[in-house]
Number of protein chains: 2
Amino acid sequence: MENQFKQIATLIGDPTRATIMWTLLEGKAFTATELAIAVTTSPQNISMHLTKLVQANLLVVESQGRHKYYRFARKEIAYAIEAMISLVPPSISTQSTKTEKISGIKHCRTCYDHLAGKVGVALTDSLLQQQLLLDTSGGFEISPEGEKWFTEFGIPLTVLKQQKRSFLRPCLDWSERRPHMAGSVATALLDKMLLENWLRKTKDSRALTVTAKGKKEFQSRLGITI
Amino acid sequence: MENQFKQIATLIGDPTRATIMWTLLEGKAFTATELAIAVTTSPQNISMHLTKLVQANLLVVESQGRHKYYRFARKEIAYAIEAMISLVPPSISTQSTKTEKISGIKHCRTCYDHLAGKVGVALTDSLLQQQLLLDTSGGFEISPEGEKWFTEFGIPLTVLKQQKRSFLRPCLDWSERRPHMAGSVATALLDKMLLENWLRKTKDSRALTVTAKGKKEFQSRLGITI
DNA sequence: TCGACAGTTAAGTGCAAAATGAAGTGTTAG
DNA sequence: CTAACACTTCATTTTGCACTTAACTGTCGA
């Protein structure tokens, strides 16, 4: 197992392949040529690297006509890459400049079963600012006003509390580097937003798109401008 | 940030350095020479690699006389490595052979705030087998008999349930590749075992040692032979 | 049917970085 | 005080493997 780990580490560790993984974090599938452009290398070279990554079961390919679409073999791969990204030195310039273009997955995505990305963090921030959510030393807590808000939103808190699984906890966002809500409350919130058609899942990706209705609702209910 | 990620990936990705990280997962601090032996390379070489890892803030050094002790700079590093290990192909020979020597950290350790490693998994298995714990689709649940057991053990379940944090959830063990208990129940269980002197924390490591008393209690109460 | 395109395969090259050898500094133990 | 030890530094060698050049397979659009 030690050798297998070494193999995977060296596989991810090559600069070109690392950039491939970084690019694929986007969530969607990329063609070989798209990756070659994103990584700025030759088609032959990207082909070699992709072959290696597929052989190691880190990526999977899907042929469509003359194109080949590459993506992570399973979501654990993405989580491992995210874990590595979270090691990037907590530097001064971490707070990304406002001008930086935000790709789909960094904007709005699922993290296991709850909402993450810029929107997930913004949602949590909004609830905190309205004091519907309180940031205590032990994590997040829902205030009495918050309980009312969640109930009105259609989240049955009492039912969720009875569940044995995690109710509410902070989860660190790799792209925003800020905490956001996780736990059964966050899952229920995401489910409700999908059900109410605020958000829509994308095929083959953990990215979520905010619908027109969602934009309106985020604005009016939470003061969040998408 | 992309370049910083690439840097970290290549840093971990070198075979020698990957093995260093693997070795340090043990949790305890290693001297440069110990690592050179573990990795089977020369002192000069290990020195060079360790310097790089320290410069990147992945490791920290502590000088003690003529020795230098190296360990992970923060626990996130260990978690990232563990995430990478979890990518090791779900192969046939994953179920480790019984003869394989189990190092301290793989045997018994803390995972954030609860018990993990072989002992953590065995504890969970025992409770499941006695049907004090039930493995449902939504995670673990405590049976009525289980509630009695926990209460007798001195774990105030009703108090824990009122907490907003996760009550009980499965957590996948990287070394055993099997789930074990996490959440406030698991934390309370670990705290109690430390308080009752079943287990003892080790300095500078997430490894735990099972005391003589602990061995006896694990055997009689849970049928677990350490 | 043909040419442009997507991607692969094979052979050969180059270079960054890992390993090695030799010569240091600082520390401790006897 | 000296010798063994722990580790580092620097100059040199080695080498793995990423990348290139070139030739090829398969697919689509016109």
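These numbers come from a predicted model, not from an experiment. Chain identifiers are assigned alphabetically (A, B, ...) following the order of the sequence lines, protein sequences preceding nucleic acid strands; residue numbering begins at 1 within each chain.
Among the protein residues, Thr31(B) comes within range of the sugar-phosphate backbone only, with heavy atoms under 4.0 Å from sugar or phosphate atoms but none that close to a base. Within 4.0 Å (heavy atoms only), Tyr69(B) reaches no atom of the nucleic acid at all.
Side-chain proximity of Lys52(A) to dA18(C), dC17(D), dT9(C): nearest is dC17(D). In the set dG21(C), dA18(D), dT8(C), the nucleotide with an atom closest to the side chain of Ser47(A) is dT8(C). Comparing dA6(D), dA18(C), dT8(D) against the side chain of Pro43(B) picks out dT8(D) as the nearest.
One interatomic measurement links the two molecules: NZ of Lys6(B) to P of dA18(D), which rounds to 14 Å at whole-angstrom precision. Atom CG of Asp14(B) and atom P of dT15(D) are 16 Å apart (whole Å). The nearest whole Å value for the distance from the NE2 atom in His67(A) to the P atom in dG26(D) is 18 Å. Between the P atom of dT25(C) and the NZ atom of Lys68(B) lies a distance of 16 Å, rounded to the nearest Å. Taking atom CD1 on Ile46(B) and atom C1' on dT20(C), their separation rounds to 14 Å, with Å as the unit. The separation between Ile37(B) atom CD1 and dA6(D) atom C1' is 12 Å, rounded to whole Å. Rounded to whole Å, atom P of dC19(D) lies 9 Å from atom CZ of Arg17(A). Nucleotide dT13(D) holds its C1' atom 14 Å from the CD atom of Gln44(B), rounded to whole Å.
Classification of the His180(A)-His114(A) ring pair by plane angle, with boundaries at 30° and 60°, yields tilted.
One finds the CE atom of Met21(A) at 8.5 Å from the CG atom of Leu25(A) (value rounded to the nearest 0.5 Å). Here the straight-line distance linking atom CZ of Phe72(B) with atom CG of Asn57(B) works out to 14.0 Å at 0.5 Å rounding.
Phosphate proximity of dC19(D) to His49(A): present, with a side-chain N or O under 4.0 Å from OP1 or OP2. Of the side-chain N and O atoms in Ser42(B), none sit less than 4.0 angstrom from OP1 or OP2 of dA19(C).
For the pair Thr16(A) and Gly65(A), both in contact range of DNA chain D, the more 5′-proximal nearest nucleotide belongs to Thr16(A). Both Met48(A) and Arg66(A) lie close to DNA chain C; mapped to their nearest nucleotides by heavy-atom distance, the more 5′-ward contact belongs to Arg66(A).
Between Ile12(B) and Ile12(A) the shortest side-chain heavy-atom distance does not fall below 4.5 Å.
Here the two rings, on Trp22(A) and Phe30(A), have centers that are 6.0 Å apart or farther.
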